[in-house]
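Worksheet: the structure to be examined is printed underneath.
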Amino acid sequence: MSIEQTACEDLKAFERRLTEVIACSGPSTKRWRLVLAFISMCTAVGAFYWLTDPDTSNCSFCQSLWNHPFFAISSAILIILFLLGIHKRVIAPSIITSRARLVLTDFNMSCDDSGKLILKPRPSTLS
């Protein structure tokens, strides 16, 4: 086997592994997106009821949160999820592809969003 054939096989193996990693992160990313969307909607609905309540302006902040436990709990869950890094889990495939693109630029290559390699033309050398 020549060096070019070995390099080609290595590139194919790398491309297969990269597409596999991106494809496998898809289902968990979708679940985290659903969790984030659900908690965000709960917080938005709770905030609407909290802000439209006429008693909110007549009592203290803590008392108003005590009067609206749905908003308080959903807001707390949303804050905890962001502290635990849900924002990174939601965009995990794009993080992987951007880091792969960064590394592949050294080899005059890139990749698409699914992990397929893109070979760029060789730069011309001017003498």
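Source: prediction; values computed, not measured.
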All heavy atoms of Ser25 vs all of Ile96, minimum pair found to be OG-CD1, 4.4 Å
Hydrophobic cluster membership, with links at side-chain heavy-atom distances under 4.5 Å among I/L/V/M/F/W/Y: are Phe71 and Leu51 in one?
yes
Restricting to salt bridge (charged side-chain N to carboxylate O under 4.0 Å, His left out), what partner residues turn up for Arg17, sequence neighbours left out?
Glu20
Output the distance between atom OG1 (Thr29) and atom CD1 (Ile95), rounded to the nearest 0.5 Å.
9.0 Å
Checking Phe82 now: which residues fulfil ring-ring contact (aromatic ring centres under 6.0 Å, His included) with it, not counting sequence neighbours?
His87
Taking all atoms of both residues into account, what is the closest heavy-atom pair of Gly115 and Leu18, and its distance?
O-CD2, 3.5 Å
Please report the interatomic distance CG(Leu11) to CG(Leu119), rounded to the nearest 0.5 Å.
6.5 Å
Residues clustering with Met41 (ILVMFWY side chains joined when closer than 4.5 Å, directly or via others):
none
The criterion is side-chain contact (heavy atoms from CB on, under 4.5 Å); which residues satisfy it with Ser60, sequence neighbours excluded?
Cys62, Gln63
Ring pair (Phe, Tyr, Trp, His ring centres under 6.0 Å) partners of residues 21-43, not counting sequence neighbours, each pair once
none
So, taking the atom named CZ in Phe61 and the one named CH2 in Trp66, what distance separates them when rounded to the nearest 0.5 Å?
14.5 Å
Do any pairs count as a salt bridge (Lys or Arg N to Asp or Glu O under 4.0 Å) and have a residue in residues 31-60, sequence neighbours left out, and if so which ones?
none
Test log, rule side chain to side chain contact (heavy atoms under 4.5 Å, CB included), inputs Leu117 and Lys12
CA-CA 9 Å; Leu117 290 180; Lys12 288 179 184 177; over 6 Å; no
Note: Leu104 and Cys111 closest approach over all heavy atoms is CD1-CB, 4.1 Å
Backbone N or O of Lys116 within a donor-acceptor pair of the Glu15 side chain at under 3.5 Å?
no
If you define the side chain from C-beta out and look only at heavy atoms, does anything of Ser40 sit under 4.5 Å from Leu78?
yes
So CG of Leu102 and OG1 of Thr97: to nearest 0.5 Å the spacing works out to 11.5 Å
Residues forming a side-chain hydrogen bond (donor to acceptor under 3.5 Å, both in side chains) with Asp112, sequence neighbours excluded
Ser114
Test of understanding: with side-chain contact (heavy atoms from CB on, under 4.5 Å), list the residues that count as partners of Ala72, not counting sequence neighbours.
Leu65
Taken in chain and number order and not counting sequence neighbours, the residues that satisfy side-chain contact (heavy atoms from CB on, under 4.5 Å) with Ile77 are Ile39, Ile73, Leu81
Please name all residues satisfying salt bridge (charged side-chain N to carboxylate O under 4.0 Å, His left out) with Arg101, sequence neighbours left out, ordered by chain then number.
Asp113
Applying side-chain contact (heavy atoms from CB on, under 4.5 Å), name anything that partners Leu34, two or more places apart in sequence or on another chain.
none
Identify, with sequence neighbours excluded, every residue that meets side-chain hydrogen bond (donor to acceptor under 3.5 Å, both in side chains) alongside Ser64.
Trp50
